[in-house]
Amino acid sequence: MKNNNLNLLGDYFSIRNGLILIKDEIFILKEDNQIIFDGDDILIKIDDKFTKLNPLEKKRLKKVYKSRAVKPYGYLLEEQEGYLLFFNKSEFEQSDIGERDIKISKLYPNLSKYLKQFEQELKETLENANENCYDFYFPRRGSHIRQDRDKGLVNLEPLYDNSPKIFFKFISKENIFGYALDQYYATSDTYFLWSKKPTEFPLLFLLAYLNSSIVSFIFKSKSLAVKRSKTKIENGIPLPAFSKFKTKEKHSIIELIQLLTEWLVYSVNTFKESDVYLIISQLESSYYLQTAENLTYKDRIIKAMNDNDAKYIQEFINNLFYQLFDLDENRIDYLTKEYYNV
DNA sequence: AGAACAGTACTCTAGTATTG
DNA sequence: CAATACTAGAGTACTGTTCT
């Protein structure tokens with residue numbers, strides 16, 4: 001059955017857990033409890049006293065989320081778990097252990113003091129798991145990954161910090177794929193898609209595809225429910241061969257899918273009037289919506305956008321995918337309802 | 001109460017790097 | 001270049017929580 005020409009999600013993306021920490025409660029600092037924000041100052045609790053962090057130290061605190069924050073096209077801002085204390089091993093690569101310790105405590109005097117409160121406990125955990133106990137400053141997994149067998153490690157910090165990324169829950173029955181443009185760190189109950197090689201199609205198109213009813217159908221028909229296993233997702237989700245879409249009509253569908261997805265991303269996350277105006281103005285020049293038979297949809301889409309009706313936009317995207325793949329939407333709906341009980 | 005689920009982090013393994 | 005050490009990958013054991 002295996003078709004060697006089939007593009008799979010796993011061919012283009014590595015799926016990796018978020019950060020696996022030695023102990024979440026030590027590395028994830030909760031506001032008001034372990035850290036306080038006072039204007040531009042950040043204070044951290046060490047031996048029951050709040051101590052002010054230096055500017056370099058502030059950069060080591062990252063917004064961190066758990067999988068309950070994941071939602072289609074975005075994440076729930078209010079579900080931020082806390083601030084991750086993230087030391088990056090590659091910052092200290094060249095030094096030996098002793099030198100590294102000194103360097104850390106010089107550059108990050110307060111943060112290292114904070115961690116040293118728990119040094120014994122952290123070292124014991126690492127020792128027990130046969131891991132290097134001197135690395136108690138760092139996440140155990142998820143800060144660096146190997147993309148290809150013959151290539152070096154990729155440092156994910158800049159990608160977590162400031163790069164568009166797609167992620168989903170570690171355990172989920174549905175195809176819900178979140179998206180973040182800004183700083184988004186997550187614990188190991190979230191999986192991230194990290195690009196292995198440039199794909200032919202843009203990330204927003206992939207995001208739309210993964211959240212579409214097509215992939216929902218694939219999830220159900222292949223029983224791909226994510227349950228502590230990523231290989232099923234890597235090998236179970238086919239990616240369309242972009243080069244097959246040759247006609248102007250197909251390209252106009254792809255263009256419109258991206259535009260609508262962009263709107264969904266805005267509507268789910270930071271809703272800015274100016275961004276929405278820009279999208280609506282781009283709708284005017286959409287080739288797909290210019291043809292006589294599709295003209296009526298334009299007003300309907302604009303209305304849905306003004307009403308913040310994400311459901312309509314999602315359904316429209318679903319239909320666009322059916323058209324793109326020359327599928328009979330009624331047939332898929334029938335199959336889904338009849339045989340998958342939804 | 002017991003089952004099912006979700007979150008956490010433990011641990012085995014495979015592959016890479018180092019060393020002698 | 002073989003032996004050994006190290007590290008990241010992967011799956012799951014364990015535990016606390018929620019559902020029935």
* Within 45° of the ring axis of Tyr287(A) and under 6.0 Å from its six-membered ring centre, is that where the NZ or CZ of Lys248(A) lies? -> yes
* **salt_bridge(Lys63(A), Glu81(A)) N-O dist < 4.0 Å** => no
* Residues from residues 121-145 of chain A lying under 4.0 Å of DNA chain C - heavy atoms -> Asn132(A), Arg141(A), His144(A), Ile145(A)
* CG of Leu21(A) versus C1' of dA9(B): gap in Å, rounded? -> 10 Å
* **Reading 5' to 3' through nucleotides 15-20 of chain C, protein heavy-atom contacts under 4.0 Å coded B for base, S for sugar-phosphate only, - for none** => ------
* Asked: Judged by atom type as modelled, is there a donor-acceptor pair below 3.5 Å linking the side chain of Lys66(A) to the main-chain atoms of Ser188(A)?
  -> no
* **N/O (side chain, Ser67(A)) to phosphate O (OP1/OP2, dA6(B)) under 4.0 Å** => no
* To do: Among dT8(B), dG7(B), dA10(C), find the nucleotide with the atom closest to the side chain of Arg16(A).
  => dA10(C)
* **Qualifying ring pair (Phe, Tyr, Trp, His ring centres under 6.0 Å) pairs, either residue in residues 32-52 of chain A, two or more places apart** => Phe37(A)-Tyr83(A)
* Between Lys52(A) and Asp40(A), is there a salt bridge with N-O shorter than 4.0 Å? -> no
* When you measure from the side chain of Lys89(A), which nucleotide among dG7(B), dA8(C), dA10(C) comes out closest? -> dA8(C)
* Find the distance Glu234(A):CD to dA10(C):P and express it as a whole number of Å. => 7 Å
* Look at Glu157(A) together with Arg60(A) and state whether they make a salt bridge at an N to O cut-off of under 4.0 Å. => yes
* Below 4.0 angstrom from OP1 or OP2 of dT7(C), is there any side-chain N or O of Arg146(A)? -> no
* Taking only N and O in the side chain of Ser172(A), is any of them less than 4.0 Å away from OP1 or OP2 of dA6(B)? -> no
* To do: Nearest whole angstrom, please: distance from the C1' of dG7(B) to the CG of Leu19(A).
  => 15 Å
* To do: Verify whether the ring centers belonging to Trp263(A) and Tyr73(A) lie closer than 6.0 Å.
  => no
* When the distance from CD1 of Ile26(A) to P of dT8(B) is rounded to whole Å, what number comes out? -> 14 Å
* To do: Let me know the distance between CZ of Phe170(A) and P of dA10(C), rounded to the nearest Å.
  => 12 Å
* **Parallel, tilted or perpendicular: ring planes of Tyr114(A) versus Phe118(A), cut at 30 and 60 degrees** => perpendicular
* Find the distance Lys232(A):NZ to dG11(C):P and express it as a whole number of Å. => 11 Å
* Asked: Rounded to whole angstrom units, what separation is found between the CG atom of Leu153(A) and the P atom of dG15(B)?
  -> 16 Å
* **Short side-chain N/O contact to dA10(C) OP1/OP2 from Lys230(A), under 4.0 Å** => yes
* Looking at Lys250(A) and Asp326(A), does any basic side-chain N land under 4.0 Å from a carboxylate oxygen? -> yes
* Measure from NZ on Lys173(A) to C1' on dA6(B) and round the result to the nearest Å. => 10 Å
